[in-house]
Amino acid sequence: MLRVISSADVRALYSINDTLPAMRQALIDFSNGSAYQHPRVTVEPPGEGGMVLLMPAASGGQLGLKLLSMFPRAGERGLASVQGLVVLLDAVYGEPLAILDATTVTEIRTAAVTAVATDALARPDASGLAVIGAGVQAKGHIQALAPVRPWKFIRLYSRSAERAQALAAWSGDQGVEVEITESASAAVRDADVICTATSACEPVLADEDVAKPGVHISAVGAFGPSCRELPTDLIGRARLFVDSRQAALSEAGDLVVPLRNGTITENSIVAEIGEVLAGAAGRLDNELTVFKSLGLPIQDAVACAAIYQRAVRQDVGTSVEFP
């Protein structure tokens, strides 16, 4: 039987708190070479400027095949800019086990990874958080980052005032007070931790916006070698961390653009976050740190395997005869 696990099912079965230890271990396993994943395959069909990403990885006896679509016109139908599914198979016999909503899995595991990285790289006394963006990822990140430090303020900026207000209202309902600002510059002023979670292809911050010593930035939005959220000068003065060196050097415009113009070199990447979690050097004194997150297929495989196991135990989801 093939089990179909919807977005609502995923949320009922798996929270960000459930995900944190699993994502921490997945990052370590990836960096030490004990996790299997295939390089991401990018498909760019002609016409509407969208792309589809195919990402296979294996964990715990299951093989996850993730398919994500990123199409700019999705919003015209009220759809998320990133949509997709994960097909989970038995890694021994090849039996298809489940189809899971990947949009929700991506939201949860990405926010969990950012929380793990922020806890490892932000100053212990960090007290101000700024989130740029008000989409699905921003929502998940506010939820995940809220308990990481005892924040004195959480500020939010989005180009869409309506979406910012809706997100702030939702956060308030969750017991997390968020202050909306009129600009990205105002949001990050005096912030110790900044999270950019946008679909922008041009920098959403100026270098001079980030002047406070010891700031940590997690850049989780822009995907592709030409799209970026952070300006070249800021990247040039930061201590850089990534989830995957190989992926970041080819797919992360935040690093690829400064690399191409000579502002940084490949050696400017200090470490993968999995290496930091395993004991490698992270923050040094009051330096600016940047964690560029692209997401790893192994994160999805680990999360989906756990969700599937819970779905079977609790008989959640819709069972379909297959084949």
Side-chain angles (χ1 to χ4, degrees), residues 2-27 29-30 35-38 40-41 51-71 74 79-91 96-117 133 135-145 195 197 199 218 220-221 223 243-244 247 273 293-314 316-318 320:
L2 182 70
R3 192 173 293 264
V4 179
I5 302 174
S6 69
S7 173
D9 295 334
V10 171
R11 293 193 190 281
L13 292 165
Y14 207 55
S15 70
I16 287 175
N17 286 337
D18 294 326
T19 318
L20 291 170
M23 292 302 103
R24 180 184 177 89
Q25 191 59 51
L27 290 163
D29 291 345
F30 171 78
Y36 168 78
Q37 68 174 42
H38 190 278
R40 191 184 341 249
V41 177
M51 66 174 65
V52 175
L53 308 178
L54 304 175
M55 295 163 279
S59 172
Q62 277 94 44
L63 174 66
L65 301 173
K66 182 180 182 181
L67 182 153
L68 275 189
S69 69
M70 304 168 68
F71 280 75
L79 301 172
S81 59
V82 179
Q83 305 169 75
L85 54 85
V86 175
V87 178
L88 194 68
L89 300 93
D90 185 292
L97 300 173
I99 296 175
L100 301 91
D101 173 74
T103 307
T104 307
V105 172
T106 301
E107 174 194 339
I108 293 171
R109 63 84 160 150
T110 303
V113 167
T114 300
V116 168
V136 170
Q137 282 297 339
K139 179 179 179 181
H141 278 74
I142 288 175
Q143 183 180 9
L145 290 170
C195 177
S199 58
S218 287
V220 302
F223 174 81
D243 47 12
S244 165
I273 192 63
S293 172
L294 287 168
L296 303 173
I298 189 62
Q299 296 165 2
D300 301 296
V302 167
C304 288
I307 292 166
Y308 171 72
Q309 290 159 11
R310 292 185 179 194
V312 171
R313 288 197 300 268
Q314 300 178 32
V316 173
T318 303
V320 179

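Positions are given from 1 along the sequence.
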[X] versus [Y]: any side-chain heavy-atom pair under 4.5 Å?
X: Val136; Y: Val82; answer: no
X: Val116; Y: Ile273; answer: no
X: Val86; Y: Met55; answer: no
X: Asp101; Y: Ser6; answer: no

Check whether any side-chain N or O of [X] sits under 3.5 Å from a backbone N or O of [Y] as a donor-acceptor pair, and report yes or no.
X: Gln37; Y: Ile298; value: yes
X: Asp243; Y: Gly295; value: yes
X: Arg3; Y: Gly317; value: no
X: Asp29; Y: Ala26; value: no
X: Ser15; Y: Arg11; value: no

Testing the basics here: between [X] and [Y], what is the closest heavy-atom pair and its distance to 0.1 Å?
X: Leu97; Y: Leu89; answer: CD1-C, 3.8 Å
X: Leu296; Y: Arg109; answer: O-NH2, 4.1 Å
X: Ala144; Y: Ala115; answer: O-CB, 3.7 Å
X: Ala98; Y: Leu2; answer: N-CD1, 3.4 Å
X: Ala57; Y: Ala301; answer: O-CB, 3.7 Å
X: Ala197; Y: Ala138; answer: CB-N, 4.0 Å

- Leu294 and Ser244: side-chain contact (heavy atoms from CB on, under 4.5 Å), yes or no, with the steps? CA-CA 8 Å; Leu294 287 168; Ser244 165; over 6 Å; no
Which distance, rounded to the nearest 0.5 Å, do you find between the [atom1] of [X] and the [atom2] of [Y]?
X: Arg310; Y: Leu13; atom1: CZ; atom2: CG; value: 7.5 Å
X: Leu100; Y: Ser7; atom1: CG; atom2: OG; value: 11.0 Å
X: Leu67; Y: Ile99; atom1: CG; atom2: CD1; value: 11.0 Å
X: Leu85; Y: Ile5; atom1: CG; atom2: CD1; value: 12.0 Å
X: Leu63; Y: His38; atom1: CG; atom2: NE2; value: 11.0 Å
X: Thr19; Y: Tyr14; atom1: OG1; atom2: OH; value: 4.0 Å

- Item | Among Lys66, Gln83, Gln299, Gln137, side-chain hydrogen bond (donor to acceptor under 3.5 Å, both in side chains) partner for Thr106 |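 Answer to the side-chain hydrogen bond (donor to acceptor under 3.5 Å, both in side chains) test with Thr106 among Lys66, Gln83, Gln299, Gln137: Lys66.
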- Got a sec, which residues hit side-chain hydrogen bond (donor to acceptor under 3.5 Å, both in side chains) with Gln143, two or more places apart in sequence or on another chain?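 Not a single residue meets the side-chain hydrogen bond (donor to acceptor under 3.5 Å, both in side chains) criterion with Gln143.
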- Query: What's the verdict on side-chain contact (heavy atoms from CB on, under 4.5 Å) for Val302 and Gln25, showing C-alpha distance, side-chain angles and the deciding distance?
  - Reply: CA-CA 10 Å; Val302 167; Gln25 191 59 51; over 6 Å; no
